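To start, the structure under review is shown below, and the notes come after it.
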Protein chains: 2
Amino acid sequence: MVTVKDVASLAGVSTATVSRVLNGYPNVSDETAARVTRAVAQLGYRPNRVARSLRVQTSQAIGVIIPDIQNNFFVSIVRGIEDVAIAHNHILLLCNTDDHPAREENYVDLLLGEGIAGLIICASDEKQSSVPVRRVIEQAVPVVALDRALSDLEVDTVLTDNVAASREATEYLIARGHQRIGVIAGPDYLTPGRERRQGYEQALAAHGIPLDPALIRVTDFRPSQAREEARALLDLPKPPTGLLVCSGLMTVEVLRELKVRHLDPMRDLALVAFDDTVLSRCLCPDFPLIMQSTYELGHTAAELLFERMRDTEKPARTVRFETGLMERSELA
Amino acid sequence: MVTVKDVASLAGVSTATVSRVLNGYPNVSDETAARVTRAVAQLGYRPNRVARSLRVQTSQAIGVIIPDIQNNFFVSIVRGIEDVAIAHNHILLLCNTDDHPAREENYVDLLLGEGIAGLIICASDEKQSSVPVRRVIEQAVPVVALDRALSDLEVDTVLTDNVAASREATEYLIARGHQRIGVIAGPDYLTPGRERRQGYEQALAAHGIPLDPALIRVTDFRPSQAREEARALLDLPKPPTGLLVCSGLMTVEVLRELKVRHLDPMRDLALVAFDDTVLSRCLCPDFPLIMQSTYELGHTAAELLFERMRDTEKPARTVRFETGLMERSELA
DNA sequence: TTGTAAGCGTTATCAT
DNA sequence: ATGATAACGCTTACAA
């Protein structure tokens with residue numbers, strides 16, 4: 001293995017000078033800099049990032065924690081993060097939690113041990129996740145909460161404007177004459193779960209439609225549960241005429257249940273749903289979908305993170321991304 | 001930050017003893033071991049993996065290089081790798097190359113700098129990728145080639161049995177009376193590209209069907225190119241009556257082209273294709289697909305890697321995974 | 001502008 | 001069974 005020492009010898013300078021050249025310090029004469037650069041090339045020197053990390057007490061890796069690597073929503077986010085990271089010569093430590101707080105906590109500790117320069121986390125539980133993340137903050141490692149906020153923590157946060165999205169979707173249904181509108185929402189302990197239900201409720205309230213608890217179904221975002229709630233709603237004595245489904249994976253199950261019952265997602269039950277997934281678009285090409293800017297969510301989160309690394313002081317920011325309602329697909 | 005030193009002080013022992021306890025060395029008295037364990041818990045000590053990595057000259061991270069993080073095929077592989085890695089207390093450095101050898105080479109150097117314990121790579125080019133990977137091997141870092149072999153390199157390799165899969169698929173068409181069978185294959189510089197074309201050719205030869213160069217279309221696996229080749233095949237004076245498409249993403253484009261021309265992928269042109277992707281299943285639910293064991297590919301690659309870390313000596317192995325032909329879907 | 005040397009937190013060698 | 005100490009490769013005061 002080639003080290004700074006070898007480069008220093010060949011260039012006839014000290015290791016300190018080599019380091020200065022490598023890290024672009026200004027106070028090096030052009031002539032020595034050139035000699036060092038030549039030696040680096042000649043030896044094929046590659047810096048040992050581990051040694052550097054130990055010395056400066058932070059690595060050039062950023063931790064990324066997501067609940068589901070198989071879910072395209074999060075993968076697209078990761079793609080956005082990666083582009084920013086690589087531009088800063090940083091690398092991604094990717095952690096998949098399956099929404100298990102325990103697995104998440106384990107990963108946080110591993111990442112801390114790796115001396116990550118920063119953490120981007122799509123938390124599995126606003127409150128529970130705060131516990132390990134607080135340890136990260138105590139180590140002065142910058143954190144960005146992504147898609148899901150963290151309770152009682154002063155961190156930069158990147159979210160979708162869930163309330164507005166949900167309100168808009170609900171009003172879309174109201175404008176088409178629906179009064180009995182159901183919602184399959186996510187859990188209260190996750191930002192998108194809670195806020196999307198709020199948006200739904202706000203829309204009804206704004207139009208003087210009373211809330212009917214039987215129409216509000218709270219799940220933990222798991223598809224199987226969505227299926228059950230869809231059944232329950234459809235089996236109601238007076239089933240809803242409109243339905244808002246609050247995540248892409250859940251939407252697929254709802255569409256399946258409708259198919260089994262030979263119900264059309266537009267005529268028999270006016271459906272509006274979050275997220276553009278291939279499968280839901282396939283099952284029904286033309287119902288309105290709430291589009292999130294997934295790549296941009298990741299990209300922005302990463303940019304906030306790198307800004308934060310430069311300046312620890314400024315107050316934490318929250319960025320909200322607007323959504324769009326897309327009525328038709330162009331699948332085929 | 002809590003260090004071994006702090007633990008040592010509290011337990012009234014030396015750092016050496018703490019390290020011994022932490023790493024499960026046998027020659028420590030039960031009594032001192034207990035004291036150390038208590039001190040660790042009391043202080044909430046977490047080992048600094050960076051310092052450890054520098055000292056032992058290898059980290060507990062494994063590098064994973066894939067061409068396309070948005071492609072479910074590779075994501076499923078990563079999932080398989082992750083489960084094995086976490087079971088060994090290792091973490092994943094995930095690198096997405098977009099099939100650019102330059103980007104890949106850059107990542108390899110970064111990973112080397114991180115002192116990875118091993119590398120699993122789905123190469124962007126059998127020959128070109130060998131160049132940076134050879135540097136990895138020279139550093140005595142174990143490598144597993146996954147889905148795509150590496151030229152002139154003695155490394156453990158995990159592949160799909162592409163030739164058999166392709167032969168089987170082609171024979172499926174022959175058995176149904178087709179004589180003019182087209183193939184949209186991948187590039188020769190990638191194992192699945194080359195081998196799948198070979199399987200196709202073997203099947204034709206075995207049945208005395210002469211090769212028609214006009215029916216053999218070699219792409220670089222990009223969907224847009226697949227679309228063009230599909231058009232060219234369909235526009236032939238005597239178009240094929242059967243078609244083998246050698247990747248999931250390409251299949252989607254072929255199906256789209258068929259749709260535009262109002263051709264049925266089963267009646268008008270007997271289609272067989274690699275990979276079960278949601279979208280292709282949506283566009284046509286019932287044509288035969290060649291199924292690969294993606295999760296198992298990743299899982300096995302990771303297991304080979306960890307075995308290799310334990311034993312550098314034994315000869316490199318190549319594992320081939322069989323495929324299955326699935327004729328119907330259960331999407332809805 | 002450049003060099004010397006300390007030290008980051010571990011592990012492992014060599015004593016005891 | 002345990003302790004003292006060197007070393008891993010780098011960066012950064014501090015000195016010159």
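Computed from a prediction, not measured in an experiment: that's the story for all the values here. Each chain gets a letter, A, B and so on, in the order its sequence line appears, and its residues count up from 1.
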For B:R52 and C:dA12, give me the distance from atom CZ to atom C1', rounded to whole Å. 12 Å
Which part of the nucleic acid does A:N48 contact within heavy-atom distance under 4.0 Å: base, sugar-phosphate only, or nothing? sugar-phosphate
What's the closest nucleotide to the side chain of B:N23 if the choices are C:dG3, C:dT11, D:dA4? C:dT11
Under-4.0 Å side-chain N/O to phosphate OP1/OP2 contact, B:S29 with D:dT2: yes
Looking only at side-chain atoms of A:Y45, point me to the closest of D:dC10, C:dT13, C:dC8. D:dC10
Between atom CG in A:L112 and atom P in C:dG9, what is the gap in whole Å? 14 Å
Measure CG/A:L54 against C1'/C:dG7 and give the value in whole Å, please. 9 Å
Can you tell me the distance, in whole Å, between the CZ atom of B:R20 and the C1' atom of D:dG3? 7 Å
Identify, between A:T15 and B:A33, the residue whose nearest nucleotide on DNA chain D lies closer to the 5' end. B:A33
Would you kindly check whether a donor in the side chain of A:R55 faces an acceptor in the base of C:dG9, or vice versa, at under 3.5 angstrom? no
Which of these nucleotides, D:dG3, D:dC8, D:dT11, is closest to any side-chain atom of B:S14? D:dG3
Tell me whether the side-chain N/O atoms of B:Y25 come closer than 4.0 Å to OP1 or OP2 in D:dA1. no
Tell me whether the OP1 or OP2 atom of D:dG9 has a side-chain N or O from A:T3 closer than 4.0 Å. no
Side-chain N or O of B:Q57 versus OP1/OP2 of D:dG9: is the shortest distance under 4.0 Å? yes
Rounded off to whole Å, could you give me the CG-to-P distance for the A:D6 and D:dC10 pair? 9 Å
Are more than 12 heavy atoms from other residues, nucleotides or ligands located less than 6.0 Å from atom CG of A:D311? yes
Separation of B:K5 atom NZ from C:dT11 atom P, in whole Å? 15 Å
Closest nucleotide among D:dT12, C:dT10, D:dT2 to the B:V4 side chain: C:dT10
Does B:R79 come within less than 4.0 Å of B:E82, counting only side-chain N to carboxylate O? yes
Examine C:dT2: is either OP1 or OP2 under 4.0 Å from a nitrogen or oxygen in the side chain of A:T32? Give yes or no. yes
Charged N-O contact under 4.0 Å between A:R135 and A:D109: yes
B:R103/A:D83 salt bridge by N-O under 4.0 Å criterion: yes
When the ring planes of B:F306 and B:H90 are compared, do they come out parallel, tilted or perpendicular, using 30° and 60° as the limits? perpendicular
To the nearest 0.5 Å, what is the distance between CG (B:L110) and CZ (A:R49)? 5.0 Å
Side-chain contact check for B:A51: nearest option of C:dT1, D:dC8, C:dG9 is C:dG9
Could you check whether B:R49 gets within reach of a base, just the sugar-phosphate, or nothing at all, counting any heavy atom under 4.0 Å? nothing
Does A:T17 make a side-chain N or O approach to OP1 or OP2 of C:dG3 shorter than 4.0 Å? yes
Can you check the A:R46 CZ to D:dG9 C1' distance for me, whole Å? 16 Å
What nucleic acid atoms does B:G12 come within less than 4.0 Å of, heavy atoms only: base, sugar-phosphate, or nothing? sugar-phosphate
So what does A:V13 touch, heavy atoms closer than 4.0 Å: a base, only the sugar-phosphate, or nothing? sugar-phosphate
d(CG, A:L22; C1', D:dC10) in whole Å: 10 Å
